[in-house]
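Lettering of chains follows the sequences in order, A, B, ..., and the numbering in each one begins at 1.
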Amino acid sequence: MTLTAEPGTPATTAPPRPPQPLRHRLAERGVDWTLLLILPAVLIIGALFVYPFLYGLSISFQPLEGGDPLANYTDFFGDPYLRDSIWKTLRLAVPVAVLSVAAAAPLAFRMRRDFPGRRIVTLVVLLPLTFGSVLIAQGMTQVFSPTGWTNLLLTSLGVPQQQFIYNYTGTFIATTLVSIPFAFVMLMGFFGGIDRSIEDAAATLGASRAARFWRIIMPLAVPGLITAFTLCLVEAFAVFPSAILVGQPDNATHVLTLPIYQAASQRSDYPAAAAIAVVMTVLELVILGVLMLLRNRLYRGPATGGKG
Amino acid sequence: MSVAEQTTGAGTQGSTFGSLQMRQVSRWYGKTAALTDLDLELAHGEFVALLGPSGCGKSTALACLAGLQPLTTGSIWRDGKRIDSLPADKRGFGMVFQSYALFPHLTVARNVEFGLSMRKVPRAERRRRAQAALDLVQLADHAGKLPSQLSGGQQQRVAIARALAIDPEIVLMDEPLSNLDAALRIEMRTEIKRLYQERELSVLYVTHDQEEALSLATRLVVLRGGRLEQSGTPEQVYTQPASAYVAGFMGYRNMISARVEQVESDPRRVCVVAGDLWLQGTADPAAGLRAGSEVMVAIRPEDIVPGRAGVNDVPALAEVVEYHGRELAVRARTERGVVLHFRTEKPVAAGARVTLGAPEERVLVFPAEGRAEVPDDAHG
Ligand SMILES: Nc1ncnc2c1ncn2[C@@H]1O[C@H](COP(=O)(O)OP(=O)(O)OP(=O)(O)O)[C@@H](O)[C@H]1O
Ligand SMILES: [Mg+2]
């Protein structure tokens, strides 16, 4: 520090600075009073989810009959009928999530700009979300019954009567109906965040509509699409009412939630139910992890191109 | 190496550019008009500066020309061909957006290359031209960064480089230097002017900065509430603003409400009074001023001469003295409270008594109008 050190005194290193106030040092690491904002959610989830989950995990290793702690798991994976419910869940959840995102993405993209009837469209799309799957399944039993309007319409067009309910299709339709608005709400946020002037700039640089879509919109939207897909998938994983009400619960729509329910509520075998739930959770976590990993490899910064 | 050295520009489709015209264009947002019956022309080789206060429709005019906004009425013509339904990506204009509008997921280099890759320019040449454009705006060192890793002024320069990299014939710039520091702004201004001359660009340039407009433009266009207020050479607009509104933009810092005392036999000569200030001024005879008319008197600080015995002399008290290097900017007040701004190279101390005068041809008299429309920040 001191260039004009007195002759004789050896030039020393700079004197130690007094430490910054604690408050500053903490704030640099992001520790300040606003951390309190995370408390409500953390407390609720901790108390109502993490604790029960860990409890479930522990009892899943304590079979009712005692003995081998892994008995519940070997039972599940040993029984082809039970084991198959993993596959049946995936066969339902993945197409539902794909279709939901595929249908909701163009909609959300166009909803950024106004057009006549925009509010009505929004309302109609969001409506299924407010109904919930039970109400929708109930309605479907009417609409898709042999004498419901879909089949009347089909027969009047010369198409033979179709079986829409009490099978895979019924559950698929019911789940998708709730999933699309769910994806739509999420994607609205993602697409809304893409600055429109960026597209304008691309246009002035000679990018055609397609080029703008593939080179600008998509790269910025993909993280959002993956997030929406992931959440739709997780949501569809937990399908339950529509699998029973408009599905074929003992066969095509014997999804993971059903054996859980049967074990817990019909056989009062909580450890077995917990074991299947753990299997389901691990499966979801794996899928979630893979998708998030994928997402993290993509551009995730702001979707605006400057000021304003 | 400069961008101008480049071989054939890919953006030169129809290198016969003669003129770009906006005819009677209106643009309504719901019930409010952003542009009303606007006629605007950019001829080959012109550098037109578009001036006006915030919200007067400058960006809207640019967006309409570039094909980014639909026209409510009117048409756009290029060399006698109507182009208003031609999509923006077919117009080939270089555009610098007020909000920069950089592609956030692409590096600076990729941003600048974007227009070239849309034109299928081979990769090596694309690199080279992007590099040249970045050199031009002094950002070569930042080529690998994302826009969000740059400062506002750096982002703005990327936007300029990106628009110029495609070698456009017509360039639309929306306040391209607004976020730069004073030194860089002047440097970039010179670069833009050099490019304009070397490449024979035709430029439409939005700015709030009177000095920028005067130093760059071959023609000034002043907008007011979406309408054309005045169009002319920088000298015309500077020395003969068409209205008090334009004067406010052209550095006429002294805008004094006054009343006409007398119109001379020469109808250009009027005598006005504001408080204890009696002034001989110049008015447009077409304004039809008569004794008793409410008027606005506009005088540039440079045109007020201290210590001069002649016409329009008035005693005043120097209140605030600002040191501007070569000269002083002084705010003075007459005995009855009329505030006058002037500049002088002679030393003046705050509190000193001065006599101020101004040649009558530099005292411009306009019919009074809503003063509120003259923005305060427009004063040089
Ligand atoms: N998307 C929009 N919706 C509604 N009104 C708009 C929209 N864009 C602009 N306007 C209005 O149009 C008018 C002109 O806006 P414009 O952006 O062209 O102004 P400007 O002259 O560029 O201003 P500034 O100097 O602040 O950039 C303003 O009154 C503004 O409120
Ligand atoms: Mg603007």
Side-chain angles (χ1 to χ4, degrees), chain A residues 105 109-119 187 189-228 292-308, chain B residues 10-11 13 29-30 59 62-63 65-69 87-107 110-121 146-150 152-156 158-159 162-163 165-166 168 170-172 174-175 178-179:
Chain A
F109 178 63
R110 186 56 185 85
M111 283 294 197
R112 291 190 305 160
R113 279 186 297 139
D114 207 6
F115 58 86
R118 182 169 174 267
R119 281 162 175 240
L187 289 176
F190 282 109
F191 282 117
I194 302 179
D195 185 356
R196 286 218 48 219
S197 69
I198 295 176
E199 276 177 85
D200 286 349
T204 62
L205 290 165
S208 64
R209 197 174 283 278
R212 298 201 289 271
F213 182 78
W214 290 111
R215 304 270 310 250
I216 307 297
I217 305 294
M218 270 319 252
L220 292 173
V222 164
L225 294 179
I226 294 181
T227 305
M292 288 302 125
L293 219 63
L294 183 68
R295 188 174 168 255
N296 287 358
R297 297 176 60 98
L298 301 166
Y299 171 80
R300 285 179 309 146
T304 54
K307 64 176 177 183
Chain B
Q13 63 261 72
Y29 289 107
S59 298
L62 252 56
L65 274 174
L68 301 170
Q69 298 255 336
D89 50 295
K90 300 281 191 304
R91 296 196 189 188
F93 302 164
M95 182 152 177
V96 180
F97 287 74
Q98 188 172 14
S99 63
Y100 320 151
L102 300 179
F103 308 128
H105 59 300
L106 300 181
T107 61
R110 293 275 162 146
N111 261 280
V112 178
E113 282 175 36
F114 187 85
L116 298 172
S117 65
M118 288 298 126
R119 285 163 172 70
K120 310 268 188 291
V121 175
L146 288 175
S148 56
Q149 295 167 318
L150 299 181
Q154 290 169 334
Q155 291 179 23
Q156 192 162 35
V158 176
R162 186 179 65 177
I166 59 172
I170 301 171
V171 185
L172 311 176
D174 202 341
E175 301 185 34
S178 60
N179 218 345

Check: When heavy-atom pairs shorter than 4.5 Å are enumerated against chain B, which of I216(A), I194(A), L298(A) gives the highest number?
Finding: I216(A)
Note to self: List the residues meeting salt bridge (Lys or Arg N to Asp or Glu O under 4.0 Å) with R110(B), not counting sequence neighbours, and say none if there are none.
What the structure shows: none
Next item on the list: With a 4.5 angstrom heavy-atom cut-off, could you sort out which part of A207(A) is near chain B: side chain, backbone, both or neither?
Entry: both
Next item on the list: Please state whether the side chain, the backbone, both or neither of R196(A) comes within less than 4.5 Å of a heavy atom of chain B.
Entry: neither
Margin query: Using heavy-atom distances under 4.5 Å, tell me whether F97(B) contacts chain A through its side chain, its backbone, both, or neither.
Written below: side chain
Notebook entry, point to check: Can you tell which of D195(A), L220(A), L205(A) makes a side chain to side chain contact (heavy atoms under 4.5 Å, CB included) with F103(B)?
Noted result: L205(A)
Checklist line | Over 12 foreign heavy atoms within 6.0 Å of CZ, R209(A) | finding: no
Item checked: Proximal component of L146(B), with respect to chain A [non-hydrogen, under 4.5 Å] -> side chain
Notebook entry, point to check: Counting heavy-atom pairs under 4.5 Å to chain A, which of G115(B), G152(B), P104(B), S117(B) comes out on top?
Noted result: P104(B)
Check: Any side-chain donor-acceptor pair under 3.5 Å between Q69(B) and Y29(B)?
Finding: yes
Notebook entry, point to check: Will you find, in the side chains of D89(B) and S208(A), an N or O donor that is under 3.5 Å from an N or O acceptor?
Noted result: no
